[in-house]
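To start, the structure itself, in structure tokens.
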Amino acid sequence: MENNRVVVTGLGLVCAIGENVEQCWNAAVNGVTGIRKVKSVNTDDCYANVGAEVDIPSDKLSDEDYDRSSLLCIKAAGEALADSGYKVTEENSARIGVIVGNCVGGAASIDKYFTDELKNGSGNTADILKMPAAAIANNVAKHFGLNGTTANIVNACAAGTISLSYAADLIRAGKADAFVAGGSDSFSSLAFAGFHALHALDADSCSPFNRSGGITLGEGAGVLIIESYEHAKARGAKIYCEVLGSGVSSDAHHITAPDPEGNGQMLAISRAIANSGLNPEDIDYINAHGTGTAKNDEAEFLSLHTIFDENPRLSVSSTKSMTGHCLGAAGSIEAVLTVKAVCEDTVPPTIGYTEENLETLKEKAGKIDFVPNTKREKTVNFAASNSFAFGGNNASIVFAKNPREIPDRTNKDRIFVTGIGELLGNPRCEISGDDYKEHGIKMAFYRKLDRFSQLQLISGMRALRDADIAVTDENARDIGIIIGTADGPMTEIVGFQKNVIENGTANGSAFSFPNTVYNAAGGYFSIFAGIKGYNVTNANSIQAGLQSLCYAADVLRNGDESIMIATGTDENTDTTEYLYGKLGLLTGKTELAAVATEAQTGSLRPKATGGKLGEGSVSVILENEKSANARGAKKYAELVGWSTAHKSVDFGKVTGSESALRFVIDEACRSAGIAPADVDAVCGFANGIPEVDEIEKSVFAEMFGDKPVIEVKSEIGEARAAASAEQAATAAKLISEGKYGCVLAAAFGVGGSYSAVVLKG
């Protein structure tokens with residue numbers, strides 16, 4: 001049992017109700033709100049002007065010149081690490097990683113750069129590297145010297161909860177001793193204008209499970225130090241509680257509205273409870289998603305009643321009534337408060353009920369105690385925290401006061417590549433009406449999609465067709481999606497932000513805003529295909545497409561799904577070319593040089609003159625052996641090893657991270673049961689930028705000698721996450737064609753992250 005235990009050893013929190021855990025907890029249990037008139041965003045002409053902002057200037061959060069989302073996360077992570085007594089050293093740093101949830105990346109920096117650019121013609125280039133969500137976990141890792149796996153989970157309002165779930169799964173798989181896990185989001189004109197455009201804001205303070213007139217936006221960060229029990233015990237750490245099971249699912253219903261029947265929510269909650277070895281009757285407290293919008297509250301009421309009406313002692317509350325809705329940080333902030341509820345045997349209330357409201361609540365609540373206005377002191381042995389998001393993404397996680405044996409769901413089946421879907425362009429993909437007609441995509445649906453989502457939908461559907469998978473009511477919950485991206489829907493984000501800067505916060509586009517969240521592409525794909533299982537988007541730079549395969553393989557190994565669609569997607573538009581051009585990373589061309597020794601080994605390496613952007617989406621279907629055999633599926637190759645690694649360097653740089661590349665190759669080979677010398681060929685990542693090419697060339701020569709190196713970017717350009725996923729797709733196809741028996745693919749990310757996979761025939 002101890003081998004399966006994951007525990008919480010440190011807590012960190014900053015939000016509108018406090019600058020640390022103690023302040024926030026005291027405010028929450030005493031019903032003190034942090035919602036007040038907005039200061040950081042101009043709300044002139046807006047029908048709502050309240051929010052839950054952190055009253056700490058960015059320059060007081062940390063000395064680093066990072067986006068506010070990174071700074072808030074560093075503040076909370078620093079408290080959590082100090083609380084845990086975790087001493088990071090050069091020897092142990094590779095065993096503690098960082099997984100951070102976020103919604104719209106460096107929104108404050110996007111606002112600042114384009115405000116300066118549009119109004120003064122003087123945007124600061126340094127602000128560009130603060131824009132991507134990919135920077136946040138990297139910045140936290142760099143600040144604290146953490147060199148374990150990094151990931152930036154960008155599933156909007158479910159991101160903070162998913163980050164904890166993923167971290168716990170990796171610890172149980174033996175891939176880390178500990179994680180700094182949580183979420184962070186800053187208050188921004190982008191988010192405020194977007195929710196205002198959707199008429200989703202409450203003109204007054206939000207009132208979850210009450211008036212349900214809309215959300216109140218907040219900001220903040222919640223971070224938990226979670227680690228294996230053995231590791232915590234060995235270092236004499238105090239233990240707050242146990243992390244039990246979690247569940248992740250998709251509604252496959254609507255990009256912004258929840259399934260009114262609550263099916264996706266109930267699947268996530270039920271999975272979390274079952275994976276914890278519990279029954280619904282065991283849960284003492286739920287920190288609900290509880291946003292305060294009518295549709296969300298109605299769906300959650302239905303979900304809670306359906307699952308828990310036979311539980312006579314369940315208490316439910318929404319701390320968003322005090323903290324506001326902190327988007328990607330919401331789940332982790334609420335997780336910290338849920339852990340405190342378990343430890344203190346106290347349930348914080350949902351505030352804002354009048355006497356008249358209380359009478360209405362009695363009718364809606366039934367047997368469930370919704371804890372109005374005043375805290376509830378009671379024994380809390382088991383507590384859950386729920387998060388539901390745009391895109392129909394749902395996540396739930398369970399915490400326990402005492403150790404609890406949980407089911408071992410590990411699936412040791414072999415894993416095969418059974419489908420590949422590619423859409424690649426250099427410099428851009430050509431998409432026509434025929435691409436939609438071949439999959440039955442109607443124009444009414446197509447018009448809703450931004451380019452990032454279009455690329456994803458086409459490659460995903462091509463992969464399903466190639467694998468001969470028909471999604472049905474019977475298998476929809478057994479299929480999951482992991483999408484990796486470097487830049488996400490940056491074109492939509494920038495376009496929306498420019499409009500707000502030029503026309504005011506009150507004039508955001510309701511049509512465009514849903515596409516500014518990174519997980520919209522995965523949401524649209526799940527909606528169209530009808531996929532209702534695991535659905536996560538990870539923004540972790542160029543290597544994110546290959547990391548999506550590693551993540552998907554972990555989900556299969558955990559027994560969560562039978563089939564996973566792992567994708568890398570990145571767009572190339574005027575906006576992306578402008579931003580990369582400002583960073584000086586583009587020459588507009590990629591020259592190929594077949595040096596004699598390289599030509600002899602079958603390697604084509606771009607001459608180190610600078611990169612050329614490509615774009616695309618590459619989807620690779622991974623399937624466990626039982627499922628593949630039952631379907632009679634074709635098998636391109638077997639995935640026999642995979643690994644992720646990190647060596648902290650400044651985000652935007654690679655030099656200095658070579659040790660992580662060596663490590664990730666060694667680990668991928670070790671997990672495959674081979675040595676690097678057993679690899680027949682390597683799919684490489686050289687992209688024409690000198691620093692990148694030199695790292696690949698030196699490390700590959702050291703580890704693989706004169707083995708052939710296949711450079712996919714020589715043909716498709718720097719398509720970022722799509723290119724790294726294509727490395728795996730290329731490896732699988734080469735094996736299927738009988739050209740090689742064993743191929744390794746390795747990819748890099750700016751900031752020091754690497755992923756590698758080993759495929760065999």
Side-chain angles (χ1 to χ4, degrees), residues 103 155-162 195 198-202 206-216 246-273 280 283 286-309 311 314-321 325 327 330-331 334 350 352 357 360-361 363-371 384-397 473 476-477 514 517 519-520 522-524 526-527 530-535:
C103 186
N155 284 75
C157 313
T161 300
I162 293 172
F195 283 101
L198 295 176
H199 290 274
L201 297 176
D202 197 322
C206 63
S207 60
F209 305 125
N210 186 10
R211 288 184 298 103
S212 301
I215 72 169
T216 297
S246 57
V248 179
S249 71
S250 297
D251 281 353
H253 171 72
H254 191 273
I255 200 66
T256 58
D259 174 4
E261 301 299 319
N263 292 310
Q265 296 179 11
M266 288 188 278
L267 177 58
I269 296 167
S270 297
R271 282 181 168 181
I273 293 171
I283 304 298
I286 294 176
N287 192 313
H289 186 53
T291 61
T293 67
K295 289 183 178 180
N296 276 281
D297 285 1
E298 287 168 10
E300 195 163 8
F301 262 125
L302 177 59
S303 299
L304 293 170
H305 281 306
T306 302
I307 296 174
F308 296 104
D309 261 357
N311 180 344
L314 178 67
S315 295
V316 175
S317 67
S318 171
T319 49
K320 286 185 178 73
S321 60
H325 192 343
L327 303 180
E334 288 149 21
T350 306
N357 297 152
T360 304
L361 179 64
E363 299 175 12
K364 293 182 179 179
K367 300 175 183 178
I368 298 175
D369 171 23
F370 276 84
V371 197
S385 183
N386 294 339
S387 298
F388 314 130
F390 270 19
N393 296 153
N394 310 293
S396 182
I397 192 165
D473 289 342
R477 296 182 174 194
V517 293
N519 64 315
Y524 284 124
S526 70
I527 291 166
I531 294 169
K532 297 182 179 180
Y534 207 100
N535 190 336

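The residues of the chain are indexed from 1 along the displayed sequence.
Under the 4.5 Å side-chain criterion, counting only non-hydrogen atoms from C-beta, Val248 is in contact with Ile162. Contact check for Glu261 versus Met266: no side-chain heavy atoms found under the 4.5 Å cut-off. Taking the side chain as every heavy atom from C-beta outward, Ile273 and Pro280 approach each other to under 4.5 Å.
Contact detail for Ala288 and Lys320: the closest heavy-atom pair is O-NZ, 4.3 Å. The shortest heavy-atom contact between Pro258 and Gln265 is CB-NE2, 4.0 Å. Nearest approach of Gly214 to Asp202, heavy atoms of both residues: O-CB, 3.6 Å. Looking at every heavy atom in both residues, Ala257 comes nearest to Lys295 through CB-CD, 4.2 Å. Between Leu327 and Cys103, the closest heavy-atom pair is CB-CB, 3.9 Å. In plain terms, the two heavy atoms of Ser317 and Thr350 that are nearest each other are CA-OG1, 3.3 Å.
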> Could you walk me through whether Leu302 and Thr306 pass the side-chain contact (heavy atoms from CB on, under 4.5 Å) check?
Replying inline: CA-CA 6 Å; Leu302 177 59; Thr306 302; 3.7 Å; yes
> Could you go step by step and tell me if Thr360 and Asn357 meet the side chain to side chain donor-acceptor pair (under 3.5 Å) rule?
Replying inline: CA-CA 5 Å; Thr360 304; Asn357 297 152; 5.6 Å; no
> Does the side-chain contact (heavy atoms from CB on, under 4.5 Å) test come out yes or no for Arg477 and Leu267, once each step is laid out?
Replying inline: CA-CA 9 Å; Arg477 296 182 174 194; Leu267 177 58; 3.7 Å; yes
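The salt bridge (charged side-chain N to carboxylate O under 4.0 Å, His left out) check on Lys532 picks up nothing, with sequence neighbours excluded.
One distance of note links CZ of Phe195 with OG1 of Thr216; it measures 11.5 Å at 0.5 Å rounding. Going from atom CG of Leu314 over to atom CD1 of Ile286 covers 4.5 Å, rounded to the nearest 0.5 Å. The CG atom of Leu304 lies 11.5 Å from the CD1 atom of Ile283; values are rounded to the nearest 0.5 Å. In this structure, Ile269 CD1 and Glu300 CD are separated by 6.5 Å, a value rounded to the nearest 0.5 Å. The SG atom of Cys206 sits 8.5 Å away from atom CZ of Arg211, with the distance rounded to the nearest 0.5 Å. Going from atom OG of Ser207 over to atom CG of Asp297 covers 7.5 Å, rounded to the nearest 0.5 Å.
Defined by atom type and a distance below 3.5 Å, a donor-acceptor pair is present between the side-chain atoms of Asn287 and Thr319.
Ring planes of Phe301 and Phe370: tilted class, angle from 30 to 60°.
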Let me have the donor-acceptor pairs involving side chains of residues 386-395, under 3.5 Å, with sequence neighbours excluded, atom names and distances please.
from: Asn386; atom 1: OD1; to: Ser396; atom 2: OG; distance (Å): 2.7
from: Ser387; atom 1: OG; to: Thr161; atom 2: OG1; distance (Å): 2.7
from: Asn393; atom 1: OD1; to: Asn155; atom 2: ND2; distance (Å): 2.7
from: Asn393; atom 1: OD1; to: Asn519; atom 2: ND2; distance (Å): 2.7
from: Asn394; atom 1: ND2; to: Ser249; atom 2: OG; distance (Å): 3.2
from: Asn394; atom 1: ND2; to: Asp251; atom 2: OD1; distance (Å): 3.0
from: Asn394; atom 1: ND2; to: Gly264; atom 2: O; distance (Å): 3.4
from: Asn394; atom 1: ND2; to: Gly392; atom 2: O; distance (Å): 3.3

